[in-house]
Amino acid sequence: MPRKPRSAASDPATLSSCPSADPAAPAAPGTLLVDGTPLAVHPGPLSPGWIAAAEAKGFDIAGRVIDRLHLALRCRTCGRVFTCRIFTLMAGRPICHACLEARRAQTAARAALVYLGRDPEDTAYGLYRARCGHDQRRQFDYVRRMAEGTAGLRCETCFAAEEAAIAARRGWTRIGPDPEHNPNYHLYRHACGAERRIARANLFWGQVDCPGCGKGWSARESRIYLLDLRHGDRHFLKLGYSAHPENRHRHQLGLPPEARVRVLRELVVPTGAAACAAEQRMHGDLRRGFPEAVVSRAEFTDMLNVTREIYRPALRAEIEARLDALAVTLEVSDPTAADPTAPDPTAADETPPEDPGTDASSGR
């Protein structure tokens with residue numbers, strides 16, 4: 001049974017029908033021309049109930065075609081003829097596709113698009129041409145919202161060319177989509193040959209450093225650290241990254257003077273970008289896998305000036321196992337490209353740094 005077009009979903013009684021045709025075209029004797037094809041007229045009477053149902057729904061019955069189950073309906077709005085199952089006529093509301101396509105074309109015009117026709121692969125999508133001349137594939141409902149002024153259209157072809165031009169001015173070449181499938185990122189290659197993921201916002205504002213030849217924090221060597229923190233009867237673990245972990249816990253975490261700090265682990269990472277990305281992945285995995293070991297901010301807000309990423313001591317073995325796995329990965333990878341996919345924490349479309357007031361070059 002044909003899928004119900006998405007555009008007709010608002011009316012649960014609407015059922016799909018076949019495409020329409022010009023009823024004025026000549027047809028061979030004993031046939032009726034529908035959609036450019038002469039269909040055999042099926043003998044048999046027309047039920048008064050069928051005729052009444054067709055009239056109530058804006059159609060006239062042009063005849064019975066194909067077999068005992070089908071009718072040819074003529075639309076009273078546009079005069080086109082299309083085939084329809086008798087069950088569809090009686091149980092739902094047949095669709096005149098000529099009228100439907102005309103409405104879609106009118107909606108597209110109000111959205112400043114030219115309607116090219118339905119997407120042959122998906123009934124919910126149409127093909128359009130934008131003012132820039134590039135073709136677009138969009139959902140019918142989205143184009144409707146564009147016509148109403150509640151949505152806009154961005155041509156991905158034009159946008160990609162604009163991004164490529166901005167990247168070229170900064171010494172980067174756009175080489176493909178994000179390998180991690182994040183639509184806010186793309187993969188770029190620097191003039192020195194190094195590659196990395198770059199967020200669109202970072203690229204626009206120039207907040208990008210090359211992991212190969214750059215001199216900023218993201219290109220310099222960094223460390224992922226694990227701290228044991230104790231203050232009174234409170235005992236926590238802090239996982240983070242910094243170019244100088246000792247300076248980090250002595251001067252940047254805001255710990256009370258009487259707090260006891262022990263560095264349980266330091267893992268050297270070739271670049272700050274790689275350290276940032278690896279640390280963020282670990283935090284995400286730990287939060288999802290061990291939510292009960294995540295310490296709420298209320299428990300340490302008077303002890304640390306960070307907002308999260310503090311864990312129960314019972315999670316130490318799990319954290320160390322992940323650091324061990326990362327160490328193995330770093331050993332077998334190219335040290336100049338251990339992780340060129342790190343996001344820049346200063347990006348406008350990224351989560352703000354979690355330690356307020358911390359210099360980005362110092363980590364967190």
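Values below: every heavy atom of this structure, side chains too, minus hydrogens, waters and symmetry copies. Everything numeric here is computed off the predicted structure, so don't read it as measured data.
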Margin query: When you compare the side chains of Tyr311 and His283, does any donor N or O come within less than 3.5 Å of an acceptor on the partner?
Written below: yes

Is any NZ, NE, NH1 or NH2 atom of the basic residue among [X] and [Y] found under 4.0 Å from an Asp or Glu carboxylate oxygen of the other?
{"X": "Glu121", "Y": "Arg137", "value": "no"}
{"X": "Asp324", "Y": "Arg265", "value": "yes"}
{"X": "Glu148", "Y": "Arg145", "value": "no"}
{"X": "Glu55", "Y": "Lys57", "value": "no"}
{"X": "Asp302", "Y": "Arg234", "value": "yes"}
{"X": "Arg197", "Y": "Asp178", "value": "yes"}

Item checked: Partners meeting side chain to side chain contact (heavy atoms under 4.5 Å, CB included) with Arg322 (sequence neighbours left out) -> Met282, Asp285, Leu286, Phe290, Glu318

Notebook entry, point to check: With a distance cut-off below 6.0 Å to the six-membered ring centre and an angular limit of 45° from the axis, does Arg104 pair with Phe140 as a cation-pi contact?
Noted result: yes

Notebook entry, point to check: So, do Leu229 and Leu237 sit near enough that their side-chain heavy atoms are less than 4.5 Å apart?
Noted result: no

Note to self: Could you check whether atom CZ of Arg154 has more than 12 heavy atoms from other residues, nucleotides or ligands sitting under 6.0 Å from it?
What the structure shows: yes

Checklist line | Whether Tyr115 and Tyr128 hold their rings parallel, tilted or perpendicular, with breakpoints at 30° and 60° | finding: tilted

